[in-house]
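What follows is a short report on a single structure.
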Number of protein chains: 2
Amino acid sequence: MTMPSTPRPGGRSARIQAAVHQAVRELQKEQERAELTVPAIANRADVTPSTIYRRWGDLAQLLADVAIEQLQPDQPPADTGSLQGDLRAWLIEYFEEMSSAPGRAMLRDVLGTPGHANAGKCDGFLRQQIEAINERALARQEVPIDPEKVIQIVVAPLLYRILFANDTPTTQAVEALFERLTMPTKT
Amino acid sequence: MTMPSTPRPGGRSARIQAAVHQAVRELQKEQERAELTVPAIANRADVTPSTIYRRWGDLAQLLADVAIEQLQPDQPPADTGSLQGDLRAWLIEYFEEMSSAPGRAMLRDVLGTPGHANAGKCDGFLRQQIEAINERALARQEVPIDPEKVIQIVVAPLLYRILFANDTPTTQAVEALFERLTMPTKT
DNA sequence: CCACTAAAGCAAAATATTTGCTTTAGTGGT
DNA sequence: ACCACTAAAGCAAATATTTTGCTTTAGTGG
């Protein structure tokens, strides 16, 4: 039932994909976006451009693919000893990352791409992390929080500010929204 | 103090811009995005491609420019007789538009583009419309609503769903969030 | 070890983008 | 009304990119 994302996971395909992804990440750090071109990436990855075009279609889709990979959480949220602590710490860190220039670029790459699959994964990752926090909370006999609520009350407004208002939410702004989660009757 | 967006508003520049914008809108309706290319647009607009490249830089920026123009409200929100009615009606219509395929495409074009100026305009338009509703409310002796609240509580979560969850919010979903605005103590 | 297949390489062709220079349309001064 | 001036458009040659048909290679299963 496991449909592998690459038909031959252990082999050449995977190596090429890794090389191309790494080339993208390297070049993103080294130069302007304007010079981040498919031939340049192919060259750095020691691959022919046609390989990239055939596998990813175009630059936008490749960048979205790389962005998603980087957006994927590599660690579970830190354990601070309580659900509230875990959630607060994770939210602060998450929005610090998303407000940064590279974070914004990743969001652009993911949202600017036609296929919705990528944006959907972002949502998935977010929920996974919240679930992970909830599971730890359950193990501690705490009462879990509705992930949907976290997203609606904290995540969505902050992403709105980053995406539409070009605002960089301060830690205080994150905490202010966080409070609404736990003190639902307060304004 | 008015810095004109085009240096010679009444003249050739404006005509060319109009022709190019219209060409984009026409072609967007007629064909796939893949065939929506700068040379094709130039051809339809009876303009040389280099004009487009020099004025807009590339396809993405041109599309973002056109999207912003279309996102700009052409009418003030409908007058239903009360602030709540105006706001509810406007929100429902707004999210119907944004959930549609063309609406999503416009959001993609705007958000996928590096310069943040465009996304910022979206936020501006939104607030303008809310302000317009508030001004009418004031004229009716009603108490206005904080635009920031509307955005945080209703707009941001719905945009999140459209952008990240590929969800098409129902009218009921819009209304459910709308209620939170006016009944702040309820869940 | 051999046959099979999916994906990569290669190179030529097709497209798109950039660029230097020329031409045109609008602006302001007389 | 004319003339000089300028910003933007047109044009065409030079580059760069993307696409494509075919060949080669690496991994898979028998």
Side-chain angles (χ1 to χ4, degrees), chain A residues 1-24 26-28 30-66 69 109 112-115, chain B residues 1-24 26-28 30-66 69 109 112-115:
Chain A
M1 190 54 205
T2 320
M3 170 81 77
S5 61
T6 51
R8 287 168 176 182
R12 187 160 57 155
S13 251
R15 276 203 316 279
I16 296 273
Q17 148 143 350
V20 170
H21 276 212
Q22 189 187 347
V24 170
E26 286 177 14
L27 293 176
Q28 273 176 334
E30 295 172 18
Q31 10 154 87
E32 306 285 314
R33 170 139 186 171
E35 357 181 18
L36 189 68
T37 157
V38 171
I41 294 164
N43 180 60
R44 173 67 67 106
D46 259 307
V47 144
T48 81
S50 64
T51 293
I52 293 181
Y53 289 116
R54 284 214 244 251
R55 263 184 83 163
W56 283 277
D58 62 11
L59 180 62
Q61 283 173 265
L62 170 56
L63 294 184
D65 196 38
V66 173
E69 191 187 56
D109 291 340
T113 274
Chain B
M1 192 54 207
T2 320
M3 172 78 78
S5 61
T6 53
R8 288 168 176 183
R12 185 159 59 155
S13 252
R15 277 202 316 279
I16 296 272
Q17 149 143 350
V20 170
H21 276 213
Q22 190 186 347
V24 170
E26 286 177 15
L27 293 175
Q28 272 175 334
E30 295 171 19
Q31 8 151 86
E32 305 285 314
R33 169 137 186 173
E35 0 181 18
L36 189 68
T37 156
V38 171
I41 294 164
N43 181 60
R44 172 68 67 106
D46 259 308
V47 144
T48 85
S50 63
T51 294
I52 294 182
Y53 289 117
R54 284 215 244 252
R55 263 185 81 165
W56 283 278
D58 62 12
L59 180 62
Q61 283 173 266
L62 170 56
L63 295 184
D65 196 36
V66 173
E69 192 187 56
D109 290 341
T113 273

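The sequence lines fix the lettering, A, B, ..., with proteins before strands; numbering per chain opens at 1.
Note: A:H21 NE2 to A:I41 CD1 = 10.0 Å, rounded to the nearest 0.5 Å. Taken to the nearest 0.5 Å, the CG atom of A:L36 stands 8.0 Å off from the CG atom of A:L62. For the atom pair A:E26 CD and A:R44 CZ, the distance stands at 5.0 Å (nearest 0.5 Å).
Toward the 5' end of DNA chain D, the nearer of the two residues B:S50 and A:Y53, judged by each one's closest nucleotide, is B:S50.
Rounded to an integer number of Å, the gap from CH2 of A:W56 to C1' of C:dA8 is 12 Å. Taking atom CG on A:N43 and atom P on C:dG9, their separation rounds to 12 Å, with Å as the unit. Spacing between atom CG of B:D46 and atom C1' of D:dA8 amounts to 17 Å, rounded to whole angstrom units. Distance B:E35 CD to C:dA16 P: 11 Å, rounded to the nearest Å.
Comparing D:dA9, D:dT18, D:dA26 against the side chain of B:I16 picks out D:dA9 as the nearest. You'll find that the side chain of A:R15 is closest to D:dG27, out of C:dC10, C:dA16, D:dG27. Here the nucleotide nearest the side chain of A:R12, chosen from C:dA16, C:dA7, C:dG26, is C:dA7. Of all nucleotides listed (C:dG9, C:dA7, D:dT17), C:dA7 comes nearest to the side chain of A:S13.
The nucleotide C:dA14 finds its pairing partner in D:dT17, both defining distances of the Watson-Crick or G-U wobble pair being shorter than 3.5 Å. Base pairing of D:dT28: its partner is C:dA3, meeting the Watson-Crick or G-U wobble criterion (both donor-acceptor distances under 3.5 Å). Under the Watson-Crick and G-U wobble criteria, each requiring two contacts below 3.5 Å, nucleotide D:dC11 is paired to C:dG20. Nucleotide C:dG29: paired with D:dC2 (Watson-Crick or G-U wobble, both distances less than 3.5 Å).
Summarising the local packing, CD of B:E35 is surrounded by more than 12 heavy atoms from other residues, nucleotides or ligands at distances under 6.0 Å.
Phosphate contact (OP1/OP2 of D:dA9, side-chain N/O of B:R55, threshold under 4.0 Å): present. Note on A:T48: every side-chain N or O is 4.0 Å or more away from OP1 and OP2 of C:dA8.
You'll find the side chain of A:D65 stays beyond 4.5 Å of the side chain of A:R55, heavy atoms only.
Side chain A:R54 to base D:dG21: a donor-acceptor pair is found below 3.5 Å.
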